[in-house]
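All ligand and atom numbering here is 1-based and tracks the order in the structure. Residue indices begin at 1 and follow the sequence shown.
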Amino acid sequence: MAGIYIHIPFCKQACTYCDFHFSVNTKSKTDLINAIIKEIDLRKNYLANSTIETIYFGGGTPSILSTSELEMILNKLRKECNVVSNAEITIECNPDDLTKQKLSELKQLGFNRLSIGLQSFNEEELKWMNRAHNARESLDSVRLTQDAGFKNITIDLIYGSKFQDQNSWQKTLETVLSLNVQHISAYNLTIEAKTKLGVNHQKGIEPSINDELSADQFKMMVAVLESNGFIQYEISNFGKPDFFSKHNSNYWLGSHYLGLGPSAHSYNGISRQWNVSSNSAYISHLNKSEKYFEEEILTDKEKHNEYILTRLRTIWGCDRNEIEQKFGRNVLNHFDEIVNKYKNYFIANKNVITLNLEGKLRADFLASEFFE
Ligand SMILES: C[S@@+](CC[C@H](N)C(=O)[O-])C[C@H]1O[C@@H](n2cnc3c(N)ncnc32)[C@H](O)[C@@H]1O
Ligand code: SF4
């Protein structure tokens, strides 16, 4: 059982906060798709004939690709990899790309899960983010997607900016609930150094994130969503039962995945690989059959840190038996010491340790305390 991630590194315009790998120059789109097709040929054996149960087009903005471009990649994957017939096939979309026609074509291609980046319903905030859509288009895009027959829809939101207070965030959550979607990913705004927001923050034009307000919004979100049938199965991810992201859950549970496209990461239980984060370098290396990724063989220490980092944030938590079996008695002793030291932030259910609400607010710090 494994998954495939395809990174589509193009966007219509640059959002002020985003430091994912993308370019607003789409001139190289065709060359890049051809390079991805070539990469599929080169890497199809990476997952050693595992069945592919999930395919995830992320970005950047995959919905920027035409139907025939998406079809080319999907057909190649279906031809070369062992994709199961009921695979979860997700595509990240921006609201402004979703027309009735586009949605019907995406359905035809076999996409069965749509991830729509709404981010906010506040017009001023959307402008400040430099999003390519307004709030009305966001709401309409979800309705259009439902009308097109998609039954597994997830939306992305960002909280914690200077535009959100408790009142506006409560209204946002009410609007979200009225949309009747199956899944929500909500991220605390982070100020990334190389973005426009980061530069403006450095110059003193933009304020720092108010951690206390963010924490209040996080707590309100957990309470509201959980009392409306959503399960927080990862710190930033809420799903109705049976609608957790299979792709991301497999990743958090340590399954193997192949990442295609510039900046994509791969993991097969032994090594981790990451592709070059440049569209032109990716295309040119593939065309010249040169190496286009870096690779590291994971040490036991790295495997342990990775286990903590991914599992601690989830509902599945860290299993003491698994830790002892995989990493040995000494590592388990250290694990137990940290759990005991910060016991106010953990829930112990038999041998499984998960974070409580206060723990979730300190997840990165707590994970680092476990690291070897
Ligand atoms: C890289 S985007 C790709 C999806 C799509 N292009 C979109 O914008 O909706 C994935 C998600 O990451 C989140 N994100 C990106 N940068 C962020 C930041 N600095 N802080 C918080 N969330 C961020 C946004 O919610 C976004 O929807
Ligand atoms: S948030 Fe999405 S649309 Fe905006 S720049 Fe990042 S990847 Fe592109």
Which ligand 2 atoms, with their elements, are less than 4.0 angstrom from a heavy-atom of [X]?
X: C11; answer: 3 (S), 5 (S), 7 (S), 8 (Fe)
X: G60; answer: 7 (S)
X: N94; answer: 3 (S)
X: T61; answer: 3 (S), 8 (Fe)

Of the protein's non-hydrogen atoms, which lies at the shortest distance from [atom], and what is that distance?
atom: atom 2 (Fe) of ligand 2; value: R131 NH1, 4.0 Å
atom: atom 20 (N) of ligand 1; value: T190 N, 3.1 Å
atom: atom 4 (Fe) of ligand 2; value: C15 SG, 2.3 Å
atom: atom 6 (Fe) of ligand 2; value: C18 SG, 2.3 Å
atom: atom 15 (C) of ligand 1; value: F20 CE1, 3.5 Å
atom: atom 3 (C) of ligand 1; value: E92 OE1, 3.2 Å
atom: atom 14 (N) of ligand 1; value: Y17 CE1, 4.0 Å
atom: atom 7 (C) of ligand 1; value: N94 OD1, 3.1 Å

With heavy-atom distances below 4.5 Å as the criterion, would you say the side chains of [X] and [Y] are in contact?
X: R78; Y: N75; answer: yes
X: C93; Y: K102; answer: no
X: L32; Y: P262; answer: yes
X: L114; Y: T154; answer: no

Part of F20 within contact of ligand 2 (heavy atoms, under 4.0 Å): neither
Minimum distance, heavy atoms only, to atom 23 (C) of ligand 1: which one of T61, I155, I158 is it? I158
Of G117, A132, S236, the residue with the heavy atom nearest atom 9 (O) of ligand 1 is G117
Is G60 near ligand 1, meaning one of its heavy atoms is under 4.0 Å from it? yes
Charged N to carboxylate O below 4.0 Å: is that the case for D140 and R136? yes
Indicate yes or no: does K12 engage D97 in a salt bridge with an N to O separation below 4.0 Å. yes
Quick one: which ligand 1 atoms are inside 4.0 Å of a heavy atom on [X]?
X: N188; result: 20 (N), 21 (C)
X: L189; result: 20 (N), 21 (C)
X: G59; result: 1 (C), 3 (C)
X: Y187; result: 13 (C), 21 (C), 22 (N), 25 (O)

With ring-ring contact (aromatic ring centres under 6.0 Å, His included) as the test, pick out the partner of Y257 among W252, Y46, Y5, Y251. Y251
Single hit among H7, R113, E92, K246 for side chain to side chain donor-acceptor pair (under 3.5 Å) with Y56: E92
Does one side chain, of E290 or H285, offer a donor that lies under 3.5 Å from an acceptor on the other? yes
With no hydrogens and no angle check, do the side chains of R43 and Q273 hold a donor and an acceptor under 3.5 Å apart? yes
Looking at I191 and S208, what are the two nearest heavy atoms and their distance? CD1-CA, 4.2 Å
Could you tell me whether D156 approaches ligand 1 through its side chain, its backbone, both or neither, with non-hydrogen atoms closer than 4.0 Å? side chain
Counting heavy atoms only, which part of I191 comes closer than 4.0 Å to ligand 1: side chain, backbone, both or neither? neither
So, regarding Q119 and ligand 1 (criterion: nitrogen or oxygen to nitrogen or oxygen, under 3.5 Å), is there a contact or not? yes
So, is R131 polar-close to ligand 1, with some N/O to N/O distance under 3.5 Å? yes
For F370 and F335, run ring pair (Phe, Tyr, Trp, His ring centres under 6.0 Å): C-alpha distance rounded to whole Å, both residues' side-chain angles, the deciding distance at 0.1 Å, then the answer. CA-CA 6 Å; F370 286 112; F335 181 84; 4.8 Å; yes
Would you please test F243 and H183 for ring pair (Phe, Tyr, Trp, His ring centres under 6.0 Å) and show each step? CA-CA 7 Å; F243 287 99; H183 187 282; 9.2 Å; no
Can you say whether the rings of W169 and Y159 are parallel (under 30°), tilted (30 to 60°) or perpendicular (over 60°)? tilted
